[in-house]
Number of protein chains: 2
Amino acid sequence: MDNLTQQMAQAFDMAPIGMAVSNHRVLGVCNTFFAQMLGYDRRDLLGQSFRILYPSHAEFDRVRDIGLKTMEDHGSYSDERMMQRKDGVPVWCRFRARTLTPDDPLAHLVMSFAQIYDQVDGGQLTKREREVLSWLSRGQTSKEIGRELGLSPRTIEDVRARLLRKFEVKNTSELLSRMSYARPRG
Amino acid sequence: MDNLTQQMAQAFDMAPIGMAVSNHRVLGVCNTFFAQMLGYDRRDLLGQSFRILYPSHAEFDRVRDIGLKTMEDHGSYSDERMMQRKDGVPVWCRFRARTLTPDDPLAHLVMSFAQIYDQVDGGQLTKREREVLSWLSRGQTSKEIGRELGLSPRTIEDVRARLLRKFEVKNTSELLSRMSYARPRG
DNA sequence: ATCATATACGGTATCAATACCGTATAAACA
DNA sequence: TGTTTATACGGTATTGATACCGTATATGAT
């Protein structure tokens, strides 16, 4: 038994970030962090479809398509996405993937999932809040987001204000940098 | 030979993020991404001190101390830090660590390193730019940063403008969300 | 030596962000 | 049934951000 192989396997399991391997969207291996982040026992996830980790079938289909072309071209892909914990609570992650089979990217994928923010005390974000947040991270102004969503810029400012309150930050810059990783609160 | 162990080891090696294990600040194992990110051949890193991956001895000592207490208390720690590539080019990373030995955190560490931004074409960031960036990510205004660094707010605005140009983004929000992970350019 | 760039600073103009004031509706909840 | 919260919108006032105009010094590269 190769000692190096065992060390690497242990490092995978104990990594401070969620990791998983999938074959055609079926979970092969995952590590402890990944299972814990999503509220499962690690053994219950083996052989399961990734479908159960997404809030809806539509979202499950959407995330399949968005990175495909990038992975065919570059072998890897990254985005921010919403996962669903076992108890239904959404978890926002920085998702990274590398395919070991560029011709058929989904055949063999190695993925990492970095939880983006801690649970906001008590409540999660509403759909509107997540929607606005994702436009904000592209640098869009309230006016632009309003046009995009068919709403008054004033309404977008309301959503922004709620986001700032929930995360206890003083402006959008601090909000967006806080989104990049889970930080101890306070 | 355990098949699961081998799969986990392969996942470690092919992960789309830098990973490494250290014992008392000496590198045990690392994966392909980690070695590539820092410009080394993976075999050259085994058994090396982490010292060579930091720009100075002072920085090497600093990063040892800042997470120690948090790791003793929580077993894990995360920050943003500057690493140094083999050719001397600085690499900014989201650093995450979990200790397997909470009593003596540095005895056995599993770490992940997510590169925060791609090389800005041609040039890296200057010290001043990085310095201002780190204050921006805490939501500080130009006026506040100016006070902090003993400079005119006007000068901070110049540095901001350079940052926006270098990253080809249109405002600070987009800049800070771009900082959170390496993204294909363009 | 010239050129480019980073640094540092001043002014001014415009737009965006934030924080308030207010109203109103709908859903969730005790 | 009242209370809270999210949603959506209007106005207004203040502060911040960004983009220009300009000058000046220092440094490093060609």
Side-chain angles (χ1 to χ4, degrees), chain A residues 55-56 82 87-90 92 117 119-179, chain B residues 55 82 87-90 92 117 119-180:
Chain A
S56 68
M82 191 69 55
D87 60 11
V89 172
W92 202 355
Y117 57 85
Q119 286 315 111
V120 181
D121 330 73
Q124 318 86 304
L125 298 188
T126 66
K127 191 156 69 168
R128 192 57 100 195
E129 285 160 353
R130 291 195 299 268
E131 187 174 34
V132 168
L133 196 43
S134 84
W135 287 103
L136 286 175
S137 75
R138 287 163 220 166
Q140 304 288 97
T141 66
S142 293
K143 205 183 290 183
E144 290 166 332
I145 300 172
R147 259 203 306 276
E148 204 70 50
L149 303 180
L151 294 172
S152 158
R154 239 334 249 101
T155 300
I156 309 301
E157 284 171 5
D158 279 344
V159 180
R160 285 175 96 121
R162 282 209 306 276
L163 284 166
L164 299 190
R165 259 196 299 110
K166 282 194 173 181
F167 284 95
E168 293 168 22
V169 294
K170 51 175 179 299
N171 54 40
T172 306
S173 295
E174 196 182 353
L175 174 67
L176 290 173
S177 77
R178 166 109 7 143
M179 298 309 294
Chain B
M82 193 69 58
D87 60 13
V89 172
W92 202 355
Y117 56 86
Q119 284 315 109
V120 181
D121 327 74
Q124 316 88 300
L125 298 188
T126 65
K127 190 157 68 165
R128 191 59 99 195
E129 284 161 353
R130 291 196 301 268
E131 186 174 34
V132 168
L133 196 43
S134 83
W135 288 103
L136 286 175
S137 75
R138 289 163 216 166
Q140 304 287 99
T141 66
S142 292
K143 205 183 291 182
E144 289 166 334
I145 300 171
R147 258 202 307 274
E148 205 70 50
L149 304 179
L151 295 172
S152 157
R154 237 338 249 97
T155 301
I156 309 302
E157 284 170 6
D158 279 343
V159 179
R160 286 175 93 122
R162 283 208 308 274
L163 285 166
L164 298 189
R165 258 196 300 108
K166 282 193 173 180
F167 284 95
E168 293 168 23
V169 292
K170 52 176 178 298
N171 53 41
T172 306
S173 295
E174 196 182 355
L175 172 68
L176 290 173
S177 76
R178 166 120 353 155
M179 298 309 294
S180 70

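The chains referred to below are lettered A, B, ... by the order of the sequence lines, with proteins before strands, and numbering in each begins at 1.
Protein atom CG of A:Leu175 is 9 Å distant from nucleotide atom P of C:dT18, rounded to whole Å. Look at CG on B:Leu151: it is 16 Å from P on C:dA6, rounded to the nearest Å. Rounded to an integer number of Å, the gap from A:Glu131 CD to D:dA8 C1' is 14 Å. One atom, NZ of A:Lys127, and another, P of C:dA28, lie 13 Å apart when rounded to the nearest Å. Rounded to an integer number of Å, the gap from CZ of B:Arg147 to P of D:dT15 is 13 Å.
For the side-chain contact (heavy atoms from CB on, under 4.5 Å) test, residues two or more places apart in sequence or in another chain that qualify with B:Ser152 are B:Arg154, B:Thr155. Listed by chain and residue number, A:Glu129 satisfy the side chain to side chain donor-acceptor pair (under 3.5 Å) test with A:Thr126 (two or more places apart in sequence, or in another chain). B:Glu157 pairs by the salt bridge (charged side-chain N to carboxylate O under 4.0 Å, His left out) definition with nothing, not counting sequence neighbours. When the side-chain contact (heavy atoms from CB on, under 4.5 Å) test is applied to A:Asn171, the partners found at least two apart in sequence or on another chain are A:Ser173, A:Glu174.
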Can you list, pair by pair, the side-chain donor-acceptor contacts under 3.5 Å of residues 141-151 of chain A, counting residues two or more places apart and other chains?
unit_1: A:Thr141; atom_1: OG1; unit_2: A:Glu144; atom_2: N; d: 3.2
unit_1: A:Thr141; atom_1: OG1; unit_2: A:Glu144; atom_2: OE1; d: 3.4
unit_1: A:Ser142; atom_1: OG; unit_2: A:Arg160; atom_2: NH1; d: 2.8
unit_1: A:Glu144; atom_1: OE1; unit_2: A:Thr141; atom_2: N; d: 2.8

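Looking at heavy atoms from C-beta onward, A:Leu133 lies in side-chain contact with A:Leu175 at the 4.5 angstrom threshold.
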Reading 5' to 3' through nucleotides 16-27 of chain D, protein heavy-atom contacts under 4.0 Å coded B for base, S for sugar-phosphate only, - for none: SSB-BB------
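Here B:Ser152 reaches the OP1 or OP2 of C:dG10: one of its side-chain N or O atoms lies under 4.0 Å away.
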